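First up is the structure itself, then whatever we jot down about it.
None of the values given here were measured: they were computed from a predicted structure.
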Amino acid sequence: MRTTMLKQSKELIGLALVAVFIYFFIFWDYKIFQNQFSIPKDWLNLNTIFLSIVIEAIPFILLGVFVSSLIQIFVSEETVKKYIPKNMIIAVLPAALLGAIFPVCECAVVPVVRRLIKKGMPLHVAFVFLACAPILNPVVAASTYFAFQTNLSILTGRMVLAFILSIIIGLVLYVLFKNSDQLKLTSEELVGKQTSTSEVLNVNKLKATLYHASDEFFDMGKFLIIGAFIASLFQTFLDREILLNLGSSEFSSPIVMMVFAFVLSLCSEADAFIAASFGNTFAPGALLAFLVYGPMLDLKNTIMLFAFFKTKFVFTFILVVTVVVYLGVLVYQAVVF
């Protein structure tokens, strides 16, 4: 009874906030506010960057939670286990290939991966998919092609590195964690209120999918907003000249561009055009570090990972991705460029 009342009160507060937001959006005269209060330019820039990150990410979050809901409602644990190779090392290859045909960015992939793990996909296999899907998919390949038409080696390098490094990341995670459970329990699971798939299938499937998608969206959305705000703070107040000065050598420039990628939190479908703007400043290896590391790990999906996976695992994943991408880029630029 108390839990039901608490849930209803949260829903009422949420609806009230939406109503207030709509009122101010439609009826509030912002010119009066601007005449009375002077907002510093930096904070206006922060507001613009924050809104741009959220607006860019929301469509992909919707895609991710909808796919997650379809998996929850229509895919059984037995189906997932049936199509995964029994050999845990060989199993990483289908995950990497699946990432090549699945058009999902780094925001949308988190709910999908969480749902696949709950359905029985091994931890390291799911994180191979998480690492490569935002890069290998056709949409990202096309955007990278158009951004680097004069230097297609960047496109080739991005795809090759994403495929190979995601497999290495998965194998390292398997060595460190095997197939242990690294998911955090949700509040529903802690109180034993989570609805099972069999229960949900007794209801209309379309309705159940929409209900699940809406719950997942609001669950993920709050962490997207936190991550977007932190990213916008960094973008507004971080002195980029310091990083540019540090990135003068072939060994330090990939690190600088990886930091840029993490902080900027760009969508993988659009980051190639930003990387191309650095073409006259950084070497191709540094650009590849930006294009490979950012989709695997940025502020937005890091916040989401901490929300749904155990802290020790997330820190380990961050370290593994950072080391593997950095060393992979150094090797690739030594061999190719």
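Taking CD1 of I135 as the start and OG of S166 as the end, the distance is 7.5 Å to the nearest 0.5 Å. Taking CG from N151 and CG from L287, the interatomic distance works out to 8.5 Å, rounded to the nearest 0.5 Å. Here CZ of F315 is found 3.5 Å from CZ of F306. Values are rounded to the nearest 0.5 Å. The CG atom of L305 lies 7.5 Å from the CD1 atom of I318; values are rounded to the nearest 0.5 Å. For the atom pair L136 CG and F163 CZ, the distance stands at 7.5 Å (nearest 0.5 Å). Going from atom CG of N137 over to atom SG of C132 covers 9.5 Å, rounded to the nearest 0.5 Å.
By the 4.5 Å heavy-atom criterion applied to side chains, K300 and I230 are not counted as neighbours. Taking 4.5 Å as the limit, every side-chain heavy atom of F148 sits out of range of all side-chain heavy atoms of L155. For the pair I84 and P122, the minimum side-chain heavy-atom distance is below 4.5 Å. Side-chain contact between F313 and L176 is absent, with no heavy-atom pair separated by less than 4.5 Å. Counting heavy atoms from C-beta on, the side chains of I225 and F50 come closer than 4.5 Å. At least one side-chain heavy atom of L130 sits less than 4.5 Å from a side-chain heavy atom of F317. V125 has its side chain out of reach of Y174: every pair of non-hydrogen atoms, C-beta onward, lies at least 4.5 Å apart.
For the pair D271 and P295, the tightest heavy-atom approach, listed with the atom from each and the gap, is OD2-CG, 3.6 Å. When all heavy atoms of I90 and P94 are compared, the closest pair comes out as O-CD, 3.2 Å. In plain terms, the two heavy atoms of T302 and L297 that are nearest each other are OG1-CD1, 3.7 Å. Taking every heavy atom of both residues into account, G328 and L161 meet most closely at O-CD2, 3.8 Å.
A distance-only check finds a donor-acceptor pair linking the side chain of N179 to the backbone of L123 [under 3.5 Å]. Panel note: side chain D298, backbone N301; a donor-acceptor pair is recorded below 3.5 Å. Using modelled atom types, no side-chain atom of K184 and backbone atom of K310 make a donor-acceptor pair closer than 3.5 Å. At least one donor-acceptor pair closer than 3.5 Å links the side chain of Y326 to the backbone N or O of F251. Counting only distance, with no hydrogens or angles, the side chain of H124 and the backbone of M88 share a donor-acceptor pair below 3.5 Å. Proximity of a side-chain donor or acceptor of T156 to a complementary backbone N or O of S153 within less than 3.5 Å is not detected. Listed for the S253 side chain is no donor-acceptor partner under 3.5 Å among the backbone atoms of A286.
Taking the six-membered ring for Trp and thresholds of 30 and 60 degrees, F127 and F309 have ring planes more than 60 degrees apart, a perpendicular arrangement.
Other residues, nucleotides and ligands contribute at most 12 non-hydrogen atoms within 6.0 Å of the CD1 atom of I89. Surrounding CZ of F273 are more than 12 heavy atoms belonging to other residues, nucleotides or ligands, all under 6.0 Å away.
Salt bridge K118/D181: absent, no basic N to carboxylate O contact under 4.0 Å.
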**Message:** Go through it in stages, so that I can follow the logic: the residues are R158 and V140, the test is side chain to side chain contact (heavy atoms under 4.5 Å, CB included), and I'd like the CA-CA distance, side-chain angles, deciding distance and then a yes or no.
**Reply:** CA-CA 10 Å; R158 186 181 198 184; V140 173; 3.4 Å; yes
**CA sep, side-chain torsions, deciding dist, call: F177, Q182, side chain to side chain contact (heavy atoms under 4.5 Å, CB included)** = CA-CA 9 Å; F177 295 97; Q182 297 299 323; 3.6 Å; yes
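Hydrophobic clustering places I168 together with V335 (ILVMFWY residues linked when any side-chain heavy atoms are closer than 4.5 Å, directly or through intermediates). Under the 4.5 Å side-chain contact rule for hydrophobic residues, F237 and L264 share a cluster.
Evaluated for a side chain to side chain contact (heavy atoms under 4.5 Å, CB included) with M296, the options V324, V109, I169, T322 yield exactly one hit, I169.
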